[in-house]
Amino acid sequence: MQPTQAAQNLAENSPFNFACHDALPCFTQCCKDVNIYLTPYDTLRLRQALRIGSSEFLAKHTRSFLSRVSNIPVVQLLMDPRTLCCPFVAEQGCQVYVNRPWACRMFPLDLSSTDAQFRLIAGKERCRGLCERSRGTVGDWLERQGVLEYAEMDREFQSVVPERFKPGAPMNEGLGRVLFLAYDLDRFAELLKDRRFLMFHEVDEETVSLVREDMKELLRLAFRYIRAQMDELYQIV
Ligand code: SF4
Ligand code: SF4
């Protein structure tokens, strides 16, 4: 028996017949009543698109908390409570398309926990773009979606957690809060105004100028700071 579409595992070089466009009856339906967990880079891109600060973005558009079991930060995009739609969807489509989150770029795919790298998370009956004809592989499609840059930034974020930290193990609550700085970059930028902080963490003037101009570099500096805090604690415990 063939596996159902939604359970199908795919590798990067698997053929992928898919095309999403506004003539499909399902257009924008996938932007409704959906759980979207944001990465720090998603948060950065969205707040830049909306031209608001990170704290305002987090307060207005997300539900964020430290996971009760692991103390790892969880940041979830809030749907409109009346319509259950994403706040950024309009009749014409996504209003933040260029800066849409990683999960939206991936849909109808997600990462797979099996040897295959990806899996379909929607079937043809829900996601009509899977019935469209198109040529290419999963890898080609992900490249066109701009997933690679998001995946690279997420790899950098994942590497702030020391190898000694076992996935699923509870994290020190204070470190969970430090980890949250990667989402709330305005708060991290505030720390950089303190000369003693810069000296203590050996952040030179050149880096300070760079991160003032480039928010992606600011995020990378936050990752370095968080990793240093993690290393310090894990040397003690
Ligand atoms: S359900 Fe699939 S085809 Fe339809 S709009 Fe969403 S991604 Fe595109
Ligand atoms: S961010 Fe854009 S693509 Fe993602 S759910 Fe919202 S409207 Fe849809």
Side-chain angles (χ1 to χ4, degrees), residues 3-10 14-54 56-64 74-112 117-151 153-154 157 183 185 215-216 219:
T4 62
Q5 280 261 354
Q8 190 182 327
N9 285 317
L10 298 162
S14 302
F16 189 49
N17 280 321
F18 175 69
C20 175
H21 54 84
D22 60 6
L24 293 170
C26 57
F27 187 61
T28 71
Q29 288 305 303
C30 50
C31 302
K32 185 173 183 181
D33 201 11
V34 60
N35 282 324
I36 297 179
Y37 295 99
L38 301 177
T39 67
Y41 190 56
D42 289 334
T43 308
L44 169 59
R45 292 285 296 259
L46 284 172
R47 62 159 287 200
Q48 282 184 313
L50 300 173
R51 297 175 190 273
I52 59 177
S54 60
E56 184 183 350
F57 173 78
L58 290 166
K60 208 166 161 184
H61 291 297
T62 71
R63 188 172 81 95
S64 50
V74 179
V75 177
Q76 185 180 14
L77 188 63
L78 281 180
M79 300 290 117
D80 182 312
R82 288 168 300 116
T83 61
L84 298 183
C85 289
C86 172
F88 310 127
V89 72
E91 216 173 294
Q92 314 87 302
C94 176
Q95 301 298 286
V96 292
Y97 189 76
V98 174
N99 296 293
R100 68 200 186 284
W102 176 87
C104 306
R105 289 167 195 266
M106 290 286 290
F107 191 84
L109 296 177
D110 196 359
L111 296 179
S112 166
Q117 291 164 287
F118 308 98
R119 67 191 173 101
L120 271 174
I121 54 169
K124 286 181 176 171
E125 62 297 336
R126 178 180 168 212
C127 180
R128 305 296 293 169
L130 290 165
C131 304
E132 298 287 290
R133 287 282 109 202
S134 70
R135 283 178 180 276
T137 63
V138 166
D140 298 333
W141 182 75
L142 292 178
E143 197 176 338
R144 286 200 302 279
Q145 297 305 303
V147 166
L148 305 185
E149 182 180 357
Y150 281 68
M153 290 306 284
D154 201 48
F157 178 53
Y183 292 90
L185 271 187
M215 297 280 271
K216 198 168 162 186
L219 182 57

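Sequence positions, counted from 1, serve as the residue numbers for this chain. No hydrogens, no waters, no symmetry mates; every other heavy atom, side chains included, goes into these values. Atoms within each ligand, like the ligands themselves, are counted from 1 in listed order.
Looking from atom 6 (Fe) of ligand 2 to the surrounding protein, the closest heavy atom is Cys86 SG, 2.3 Å. For atom 2 (Fe) of ligand 2, the closest heavy atom belonging to the protein is Cys94 SG, 2.4 Å. Among protein heavy atoms, atom 1 (S) of ligand 2 sits closest to Pro101 CD, 3.6 Å. If you check which protein heavy atom lies closest to atom 3 (S) of ligand 1, you get Gly129 N, 3.3 Å. Annotation: atom 8 (Fe) of ligand 2 to nearest protein heavy atom, Cys31 SG, 2.3 Å.
The part of Ile36 lying near ligand 2 is the side chain, judged by heavy-atom distances below 4.0 Å. With a 4.0 Å heavy-atom cut-off, ligand 2 is reached by no atom of Cys30.
Under 3.5 Å, the side chains of His21 and Glu132 contain a donor-acceptor pair of N or O atoms. In this model, a donor atom of one side chain and an acceptor atom of the other lie less than 3.5 Å apart for Arg100 and Gln145.
Close approach of ligand 2 to Phe88 is summarised as follows: ligand atoms under 4.0 Å from at least one heavy atom of the residue are 7 (S). Residue contact check: Leu24 has heavy atoms under 4.0 Å from atoms 3 (S) of ligand 1. Taking every heavy atom of Val89 and a limit of under 4.0 angstrom, the matching atoms of ligand 2 come to 7 (S). Those atoms of ligand 1 with a heavy atom of Phe27 less than 4.0 angstrom away are 5 (S). Proximity to Cys104 (heavy-atom distance under 4.0 Å) selects the following atoms of ligand 2: 1 (S), 3 (S), 4 (Fe), 5 (S). If you number the atoms of ligand 1 from 1 as listed, the ones under 4.0 Å from a heavy atom of Phe107 come out as 7 (S).
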Note to self: Between Tyr41 and Trp102, does the ring-ring contact (aromatic ring centres under 6.0 Å, His included) criterion hold? Intermediate values first, please.
What the structure shows: CA-CA 9 Å; Tyr41 190 56; Trp102 176 87; over 10 Å; no
Item checked: side chain to side chain contact (heavy atoms under 4.5 Å, CB included) assessment of Arg47 paired with Met215 -> CA-CA 11 Å; Arg47 62 159 287 200; Met215 297 280 271; 3.2 Å; yes
Checklist line | Verdict with supporting geometry, Gln92 and Asp22, side-chain hydrogen bond (donor to acceptor under 3.5 Å, both in side chains) | finding: CA-CA 8 Å; Gln92 314 87 302; Asp22 60 6; over 6 Å; no
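Met79 and Asp33 make their closest contact through SD-N, 4.2 Å (heavy atoms, listed as atom of the first residue, atom of the second, distance).
Heavy-atom separations between Thr28 and ligand 2 are all 4.0 Å or longer.
Looking at Glu149 and Lys216, a side-chain N of the basic residue comes within less than 4.0 Å of a carboxylate O on the acidic one, giving a salt bridge.
Using cut-offs of 30° and 60° for the angle between ring planes, the Phe157 and Tyr183 rings count as perpendicular.
Within 6.0 Å of CD in Gln95 there are more than 12 heavy atoms belonging to other residues, nucleotides or ligands.
Residue Cys26: no N/O/S atom is found under 2.8 Å from atom 2 (Fe) of ligand 1.
Tested against Cys86, the residues Leu77, Thr28, Val34 include a single side chain to side chain contact (heavy atoms under 4.5 Å, CB included) partner, Leu77.
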